[in-house]
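Take a look at the structure below.
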Amino acid sequence: MTEAPLIVPPSAGPTGAGDLLAGLNPQQLAAVTYRGPALLIVAGAGSGKTSVLTRRIALLLRQREAWPSQILAITFTNKAAGEMRERVEGLVGEAARGMWISTFHSACVRILRREAEQFGFTKSFTIYDSGDSRALIKRLVKEHEADAFGMTPSSVQSRISKLKNELTDAEGYARQANMSDPAERIFVDVFTDYQRALQKANAFDFDDLIAQTVFLFRAFPQVADTYRRRFRHILVDEYQDTNHAQYALIHELTRPVSAAAPDPYASNGMMIFEPETAPAEPGASLTVVGDSDQSIYAFRGADIRNISEFERDFPGAQVVLLEQNYRSTQNILSAANAVIGNNFDRKAKNLWSDKGAGDRIVGFTGYSQHDEAQFVADEVEALRRAGMPYSEMAVFYRTNSQSRALEEIFIRAAVPYKIMGGTKFYERAEIKDALAYLVAVSNPADDMSVRRILNKPRRGIGDVTETSIARFAEEHGLSFRDALAHPSQLGVGPKIRAAIARLDAVLAEATAIMQPASGEIPSATSVAEGLTVLLEKSGYYESLRASRDPQDEARLENLDEFVAVARDFARNNPEGTLVDFLTEVALVSDADDLDDESGSVSLMTMHTAKGLEYDAVFVTGVEEDLIPHRISAGEPGGPQEERRLFYVGITRARKRLHLSLAMTRAQFGEVSVAMPSRFLQEIPADLIDWRQSPGDVNSRGGMQSRALNARPGGGFGGGRDRFGVKPLPGRDQLKPLSTSMDKFPNKVTAKVRDNGDLELTAGDRIRHDDFGEGRIEAVTGEGAKRIAHVRFDSAGQKKLLIKIAPIVKL
DNA sequence: TAATCCTCACTTTTT
DNA sequence: GTGAGGATTA
């Protein structure tokens, strides 16, 4: 490999790289141009790592150091993969074709489908998502009566998942387990049976996709060599989030090619045996990008050591540190640095920005989560009026349940919002049902799917019938699916017999459409067609249409959307088969539709926020027991991971950062007192502009100072409390500052009413239960979405959804 | 077999 | 407060 020149003049002709290197700082330039076996790019938040990674790839292509087919770039989400591909294409155009830019899982699926027959699977294997595997484990836990030992399906699932992430299989675990412990024995049995069931169903779970690929490479070195020869440049993004199995996969792929063997890629498919003496090729060049301060997935098996010990694992590795942040103002970064600096055993890193100090961080303490939410809504509206689009604002929280209060207030305040993440489209029951129908066609060996649809819609087929079908299948050596073709031999009543026959016929009809036996190639739209046939003729649609449950209407819409997804797939992949479609669906999560729908505020957990950025960010619920979460206290490294999570949250902000909390929070049906998060006090007080500090709220009424006094050594110093707020002069902190509502015009209750068709016009005066009296300035919107723009006498400007606002006309 | 009542548990989750 | 899943009943 030739050493790339560090600086290429912009006029260097067709292979010139000047534009690729333009505008890079020296560290970025080094990260793009360094050539060697291994490179670690430590990329602080907002340091332009995506740009560096894409330019690095583009430069490799532009300078003809690598063919596209020799590049494997790995990201964690399909969305990130898509963006990276787009950006590389933007830089080098057509020359980007043929690269593998994908997630770990997609890359492994591609490999496994190609090699499946090597180890007892077929190309059309199913991918079990965590719901599928939980369902299977649940059955096994029941069969083995493992619940008697306190094992729940989800605990077993997470244990198995952890073991697989460590590349430990059932056999390996059994070898070192204490088999005199009955609980251990049963767990081993469940694990073993689980793996056996997967194999029998021709299925892999998510963890298997990685682990089995590693096992494949280890068991069949010549297969591994094929890929080692092919991929000369491997780049991994978000390396701090890799688990052991992923690490091992990378390790396998970057080993030197072990022996002279046929190379199908270099020989036009002809088998050419090189002489034994052929020099083995060196391992692929590896580039990893990551930031250990943003490692927030240890709970999923991510191993921070992968990045912290990179230099040991890959001797001779070069390390480049990107510390200049191009995203945030210095105040935000100073807060972030101060917080993360409290984590010990991290490599020092100091993000800096040349954007100037910027605005101070805004702090707010509400009485309740509603109060806090109202603050967020008000602030969002103020920013909107100042010209910031909603799509540039985001609200983060630690747990999904916190979104509820925010939603309630946002609806009432007519703030358009969008929840990111949350219940996933592909995890909805009706979508899983539709998928199960498709899987029943594509992989009849997969009993789970067939069992799932057996009685959906209701056909009168219950447990008893299911068991007899299973028994019949067992006795005759058939799959569960094939047993459906012999309803008369099942010993069930005529009604049920007919129902089974009908299901069998529907499946057969759909199979004929999507996978014609004659070997002819099904049309591009066959998946959408087959899906429609399945849903129509199985009676699934009909049962939803006939239902009186209002939720079933939404289910129908979801199914329509799913059919639309299938049509889109056909359009984008004219050659795409049913298996391709199912693969895409299994590996694509909703996180991939994170596209900012322009014009709405984004609500999401701090985990989901990683990798995103917004002009204005609201981090809510900055309280003890929430961030850091209560449960994290018991886990090793828990509090530190929580701190990183908080760090990720605040480093998403470009210009404005808001930190808010509530003094009381209703959780699990009861209201409890919340305390400010310890992380708040790690931020230098002069960086925060408290609109309402914890001190303000506490010093009112009977529960004064509870949160502040709860910490020994806390209290006030230098005329300012620890939150940087001056105590009001002339008043004793222990006495109520004010007992009237005027100081807290935003205090909000969570009542909802129905005003029906209350007529309002500009100029009317109204009284609001929480905000007092005000004057209507304008009314916009139609019907149930009519919005009153009100200027309240003491609570300021607000928008209200008229239908549900607690208001009366005066 | 299906509907209904009751109990329980309740972080985060790129695939 | 809520939703899922299990046990109980019709």
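All heavy atoms count here, side chains included; hydrogens, waters and symmetry mates do not. Lettering of chains follows the sequences in order, A, B, ..., and the numbering in each one begins at 1.
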For a quick check of understanding: with a heavy-atom distance under 4.0 Å over all strands, which category does A/Asp463 fall into, base, sugar-phosphate or nothing? sugar-phosphate
Go through the structure and list residues passing side-chain contact (heavy atoms from CB on, under 4.5 Å) with A/Ala609, not counting sequence neighbours. A/Phe396, A/Met604, A/Arg652
Residues passing the ring pair (Phe, Tyr, Trp, His ring centres under 6.0 Å) test with A/Phe679, sequence neighbours excluded, are A/Phe646
Taking the side chain from A/Asn343 and the backbone from A/Asp293, do they hold a donor-acceptor pair closer than 3.5 Å? no
How would you label the contact of A/Tyr297 with the nucleic acid (heavy atoms, under 4.0 Å): base, sugar-phosphate, or nothing? base
The side-chain contact (heavy atoms from CB on, under 4.5 Å) partners of A/Ala666 (sequence neighbours excluded) come to A/Gln369, A/Val671
Could you work out, with ring pair (Phe, Tyr, Trp, His ring centres under 6.0 Å) as the rule, every residue matching A/Phe299, not counting sequence neighbours? A/Tyr297, A/His607
So, using side chain to side chain donor-acceptor pair (under 3.5 Å) as the criterion, who are the partners of A/Ser292 when residues are at least two apart? none
Is there a side-chain polar atom (N or O) of A/Ser154 under 4.0 Å from OP1 or OP2 of B/dA9? no
With a 4.0 Å limit, can you tell me whether A/Thr399 has a side-chain N or O closer than that to the phosphate oxygens OP1/OP2 of B/dC10? no
Salt bridge (charged side-chain N to carboxylate O under 4.0 Å, His left out) partners for A/Asp580, two or more places apart: none
Shorter than 3.5 Å, N or O on both sides, protein versus nucleotides 2-5 of chain B: list them out with atom names.
| unit_1 | atom_1 | unit_2 | atom_2 | d |
| --- | --- | --- | --- | --- |
| B/dA2 | OP2 | A/Asn455 | ND2 | 3.4 |
| B/dA3 | OP2 | A/Arg458 | NH1 | 3.0 |

Taken in chain and number order and not counting sequence neighbours, the residues that satisfy side-chain contact (heavy atoms from CB on, under 4.5 Å) with A/Asn243 are A/Asn165, A/Ala245, A/Gln246
Pull out every protein N or O sitting under 3.5 Å from an N or O of nucleotides 1-9 of chain C, one pair per line with the distance.
| unit_1 | atom_1 | unit_2 | atom_2 | d |
| --- | --- | --- | --- | --- |
| C/dG1 | O6 | A/Phe668 | O | 3.2 |

In this structure, how many angstroms lie between the P atom of B/dT13 and the NE2 atom of A/His105, rounded? 16 Å
